[in-house]
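Report on one structure; see the data block that follows.
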2 protein chains.
Amino acid sequence: MKNRLKVLRAERDWSQQDLATRLEVSRQSVNAIETGRYDPSLPLAFRIADVFGLAIEEIFLREE
Amino acid sequence: MKNRLKVLRAERDWSQQDLATRLEVSRQSVNAIETGRYDPSLPLAFRIADVFGLAIEEIFLREE
DNA sequence: TCTATATGTAAAGTATCATTGTCATAGGAG
DNA sequence: CTCCTATGACAATGATACTTTACATATAGA
């Protein structure tokens, strides 16, 4: 499951640590999700969507 | 994390087994998700959204 | 009553998510 | 060069997600 986290972070000039802090997860989790090593849980996906002010479908993509 | 699975199934007159078959998961998984014992993984949430033709946000609710 | 379908729950096992701790590399600033 | 930040990755551990098998209840129909 692909995602647009890296681009969305870049648009806001947030480091992985910045995003992790806003999500209240570890930096390693942000890195693992961003690099596609695993997908977030559904509740975390909702928090990610909230932090960026987007729908889950606008961040995570069905392809791949 | 609440969800509208029971209502959406009823609208389509699908049993838990019907939905499980469409999702390619066990009936017990559908039951567990529907009764709130656990949340689906993100990929499964996408499949659920696809099966109902809705957005994830229209099926799973932030409240609770 | 007997049978079939639908639903809820439990135990036990495997796979995935998320954590902490650690290491390594690259780039910029002093 | 040294220090700091950012990023990527791995191991070990605990928590969740999902599986199969199984048992229980309720309801509807012949």
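Just so we're on the same page: letters track the sequence lines, and every chain starts at 1.
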Considering only heavy atoms, which members of residues 5-16 of chain A lie under 4.0 Å from some atom of DNA chain D? Lys6(A), Arg9(A), Ser15(A), Gln16(A)
Rounded to 10°, tell me the angle between the two end axes of the helix from dT1(C)-dA30(D) to dG30(C)-dC1(D), each built from five pairs. 30°
What distance do Leu5(A) atom CG and Gln16(A) atom CD have between them, rounded to the nearest 0.5 Å? 9.5 Å
Has Asn31(B) got a side-chain N or O lying under 4.0 Å from the OP1 or OP2 atom of dT7(C)? no
Can you measure Leu19(A) atom CG to dA18(C) atom P for me and round it to whole angstrom units? 13 Å
Could you list the residues that satisfy side-chain hydrogen bond (donor to acceptor under 3.5 Å, both in side chains) with Asn3(B), not counting sequence neighbours? none
Identify the heavy atoms of Asp39(B) and Pro43(A) that sit nearest to each other, and give their distance. OD2-CG, 3.3 Å
side-chain contact (heavy atoms from CB on, under 4.5 Å) filter on Ser15(A), not counting sequence neighbours, yields Gln17(A), Asp18(A)
Going through the checks in order, is the side-chain contact (heavy atoms from CB on, under 4.5 Å) test met by Phe60(B) and Ile48(B)? CA-CA 10 Å; Phe60(B) 297 94; Ile48(B) 293 170; 3.9 Å; yes
Using the side-chain hydrogen bond (donor to acceptor under 3.5 Å, both in side chains) criterion, which residues pair with Glu57(A)? Sequence neighbours excluded. none
According to side-chain hydrogen bond (donor to acceptor under 3.5 Å, both in side chains), who are the partners of Thr35(B), at least two apart in sequence or on a separate chain? none
Does any pair with a residue in residues 6-43 of chain B pass ring-ring contact (aromatic ring centres under 6.0 Å, His included), and if so which ones, sequence neighbours excluded? Trp14(B)-Phe52(B)
Rounded to the nearest 0.5 Å, the CZ atom of Arg62(B) sits from the NZ atom of Lys2(B) at a distance of 14.5 Å
Spacing of Ser41(B) atom OG and Ile33(B) atom CD1 [to the nearest 0.5 Å]: 7.5 Å
Got a sec, which residues hit side-chain contact (heavy atoms from CB on, under 4.5 Å) with Glu24(B), two or more places apart in sequence or on another chain? Arg47(B)
For Gln28(B), side-chain hydrogen bond (donor to acceptor under 3.5 Å, both in side chains) partners two or more places apart: none
Sorted by number, residues from residues 51-59 of chain B placing a heavy atom under 4.0 Å from DNA chain D are none
Counterpart residues, side-chain contact (heavy atoms from CB on, under 4.5 Å), relative to Glu58(A) (two or more places apart): Leu54(A), Ala55(A)
Taken to the nearest whole Å, CD/Glu34(B) to P/dA6(C) is 13 Å
I'd like to compare against my own output: the B/S/- annotation of nucleotides 16-30 of chain D with a strict under-4.0 Å heavy-atom distance to protein. -SBBBBB--------
